[in-house]
Amino acid sequence: MSRNGNGMQRPDFAAIAEWVRPESRVLDLGCGDGTLLKYLKRQRGIVGYGIEIDDTRILACVRNGVNVIQGDLERGLSDFGDHSFDYVILSQTLQAMKNSERIIKEMLRVGLEGIVTFPNFGYWKNRLQIARGHMPVSDNLPYEWFNTPNVHLCTIADFERFCRERRIRVVERKVLTHGKTVGVWPNLLGALAVYHFGNDV
Amino acid sequence: MDENKHIGQSVGIVTPQVAKFTEPFTFKCGAVIADYELVYETYGMLNSDHSNAVLVCHALNASHHVAGTYADDPGNVGWWDNLIGPGKPVDTNRFFVIGVNNLGGCHGSTGPKSINSGTGKPWGSQFPVVTVEDWVKSQTRLADRLGIPQFAAVMGGSLGAMQSLQWTISYPERLRHALVIACAPNLSAQNIAFNEIARQAIITDPDFHGGDYYERGVTPKRGLRVARMVGHVTYLSDDEMANKFGRQLKHGKLNYSFDTDFQIESYLRYQADKFAEYFDANTYLRITKVLDYFDPAFEHGGDLTRALAPAKAAFLVVSFTTDWRFSPERSREIVSALLDNRGDVTYAEIDAPHGHDAFLLDDERYHRLVAAYFDRIGVEVGA
């Protein structure tokens, strides 16, 4: 039931778990069936909450024993106080947000740090499909143009420029393809980007 | 178990029981009664370590009769029978479920129409004005009597949910989970206004006699009818009433009189008549006050987070989108306070058309959620 069809163990989960300090407070935006929170609870002993809009996924969270709050991320995070979480995670949801800029700002208001993962639109396979004249369809972008929820796709280069311009400090970055870390030419060879960021000091 | 359907079975024929308490009970208002009785029903079996008990708190006009039927009155089905029973979301094969009529009620527990042992006459106007805190305190005595140190869950809808919330504040060690359904952390001015209309209807009925009407052989039925009509309208949504009644005419034409023209009028009159037959006006007055007074944040300068700070239970908070009496925003205030306190909480907003009454009705998403939550509780307590 994971959100991108990659199966239960999504490759970004391990990267996120590495960054999250034990016993910290985590808010997972668009938490799906709660797999990530369950994983972080087990691996890191976190206190976590998810936000999810979909009834079926809420039910799945309850079955997974995960705290979940039903709500619409597009309406912001007004139920949550400033810096009330150590980490606010947005895992493979950024590209589906109508207002991507606002949610990043909200993440840094509610959390001390943010973690975001998104499919890298600059990945060479995506570029190749575009060059062939079609919208890319892949493991990380499993939708056709007519049924995709993704409205704000970006590349690694785009996201880093976005952070620079808004004085968002990138703490760590991990770029993955088929679960393996990509070292060189990440914007070309990386399928999935995982960013850990904070407010500039 | 088919995860999508919870048809389940009825708990079958049930028999109410009476617990008599002879130690004096001091109400929040300061009044003391020397003795009292609570009527209750139980379903399922208490397990050997007494960890599988679930307390169901009732709302305004309901009672201890939560599930099942009576041998001598098979049509009298418990008010939450669709949720509680063998194989139902609250599975009585796993849990020991208790329904109790609250103090001040009119379904058998000591209340205004009971005989005051001190005077030998009905309590009437002399019965104290009760509060949610009083109810919860009296429920702990029943729990003691039944040998339940800690409930697996305390649950309720509306005013019942206020009792679950109060349990987590007053007796945090005595419950593991609180189900807070269609609730509000206090009543809004609009809510209080509706209650005041209901009270005025009763109090100004010439048959009310200041609350001491029992010995005069009358009951303020006219007032009670109007009170029920006002209340009933607030439990339904505009859409639900439009769908159910719209502008349908009772006799197919306008009568140019004050008899019932519209179906909705006929429905309200029917509901009001039915209610006035079985419900006690003094109890109704007190229960509306219970609602008005409930405000755990009040003693903490309006800070609900501080009010809920003692809570140790994990919460399932549920609201219904068309509930305008206790809207989802009010439930989110509770959730927000629980989050501030870093407590375990799950919140679901059920998209249901039925207004406040939705918590009593069949709704697959709602019932599946409760079933999943109770499954989790069952695993936790070994039920």
Side-chain angles (χ1 to χ4, degrees), chain A residues 1 21-35 37-38 40-41 44-88 106 109-112, chain B residues 1 3-6 89 153 176-181 185 303-305 313-321 328-352 363-381:
Chain A
M1 268 236 4
R21 280 185 305 274
E23 322 273 299
S24 53
R25 290 214 340 132
V26 177
L27 182 64
D28 183 8
L29 308 180
C31 66
D33 62 4
T35 308
L37 284 169
K38 194 176 169 185
L40 291 175
K41 214 158 107 175
R44 286 284 183 265
I46 58 120
V47 177
Y49 302 88
I51 301 185
E52 181 53 64
I53 193 168
D54 180 75
D55 292 329
T56 315
R57 292 176 186 153
I58 295 273
L59 192 62
C61 285
V62 171
R63 290 186 176 137
N64 272 325
V66 164
N67 290 319
V68 61
I69 310 298
Q70 191 157 27
D72 183 1
L73 296 179
E74 300 287 1
R75 291 198 328 218
L77 304 173
S78 54
D79 288 342
F80 300 90
D82 293 357
H83 296 151
S84 49
F85 286 87
D86 297 308
Y87 303 96
V88 179
E106 277 285 85
R109 176 184 67 78
V110 171
L112 296 171
Chain B
M1 181 172 66
E3 63 174 12
N4 291 327
K5 279 261 183 269
H6 287 280
R176 298 182 67 89
H177 293 266
L179 280 85
V180 176
I181 302 167
D303 186 342
L304 188 62
T305 300
F315 285 75
L316 176 64
V317 180
V318 180
S319 72
F320 299 93
T321 50
E329 286 71 26
R330 305 304 324 267
S331 282
R332 284 208 294 269
E333 288 175 41
I334 297 169
V335 171
S336 193
L338 295 169
L339 286 169
D340 286 345
N341 289 328
R342 308 180 174 215
D344 280 322
V345 53
T346 281
Y347 171 63
E349 208 167 285
I350 308 286
D351 189 8
D363 181 293
E364 225 176 88
R365 280 160 301 175
Y366 163 46
H367 280 194
R368 275 203 304 231
L369 183 75
V370 173
Y373 198 80
F374 266 94
D375 189 49
R376 186 165 138 190
I377 299 174
V379 170
E380 203 182 287
V381 302

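Chain letters run A, B, ... following the sequence lines, proteins first, then strands; residues in each count from 1. Remember, predicted model here, so these are calculated numbers, not experimental data.
When each of Tyr373(B), Phe315(B), Tyr347(B) is scored by its heavy-atom pairs under 4.5 Å with chain A, the top score falls to Tyr347(B). Ranked by heavy-atom pairs under 4.5 Å with chain A, the list Ser336(B), Ser319(B), Pro328(B) is led by Ser336(B).
For residues 71-82 of chain A, the side chain to side chain donor-acceptor pair (under 3.5 Å) pairs, not counting sequence neighbours, are Asp82(A)-Arg109(A).
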- Task: Please report the C-alpha distance between Ile69(A) and Thr346(B) in whole Å, then the side-chain angles of each, then the deciding distance to 0.1 Å, and finally whether the side-chain contact (heavy atoms from CB on, under 4.5 Å) criterion is met.
- Result: CA-CA 5 Å; Ile69(A) 310 298; Thr346(B) 281; over 6 Å; no

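Judged by distance alone, the side chain of Asn67(A) and the main-chain N or O of Val345(B) form a donor-acceptor pair under 3.5 Å. Using modelled atom types, one side-chain atom of Gln70(A) and one backbone atom of Glu349(B) make a donor-acceptor pair closer than 3.5 Å.
Both the backbone and the side chain of Arg342(B) have a heavy atom closer than 4.5 Å to some heavy atom of chain A.
For the atom pair CG (Leu339(B)) and OH (Tyr49(A)), the distance works out to 5.5 Å, reported to the nearest 0.5 Å. Atom-to-atom distance recorded for Glu364(B):CD and Asp55(A):CG is 11.5 Å, nearest 0.5 angstrom.
With contacts defined as side-chain heavy-atom distances shorter than 4.5 Å, the pair Arg376(B)/Arg63(A) does not qualify.
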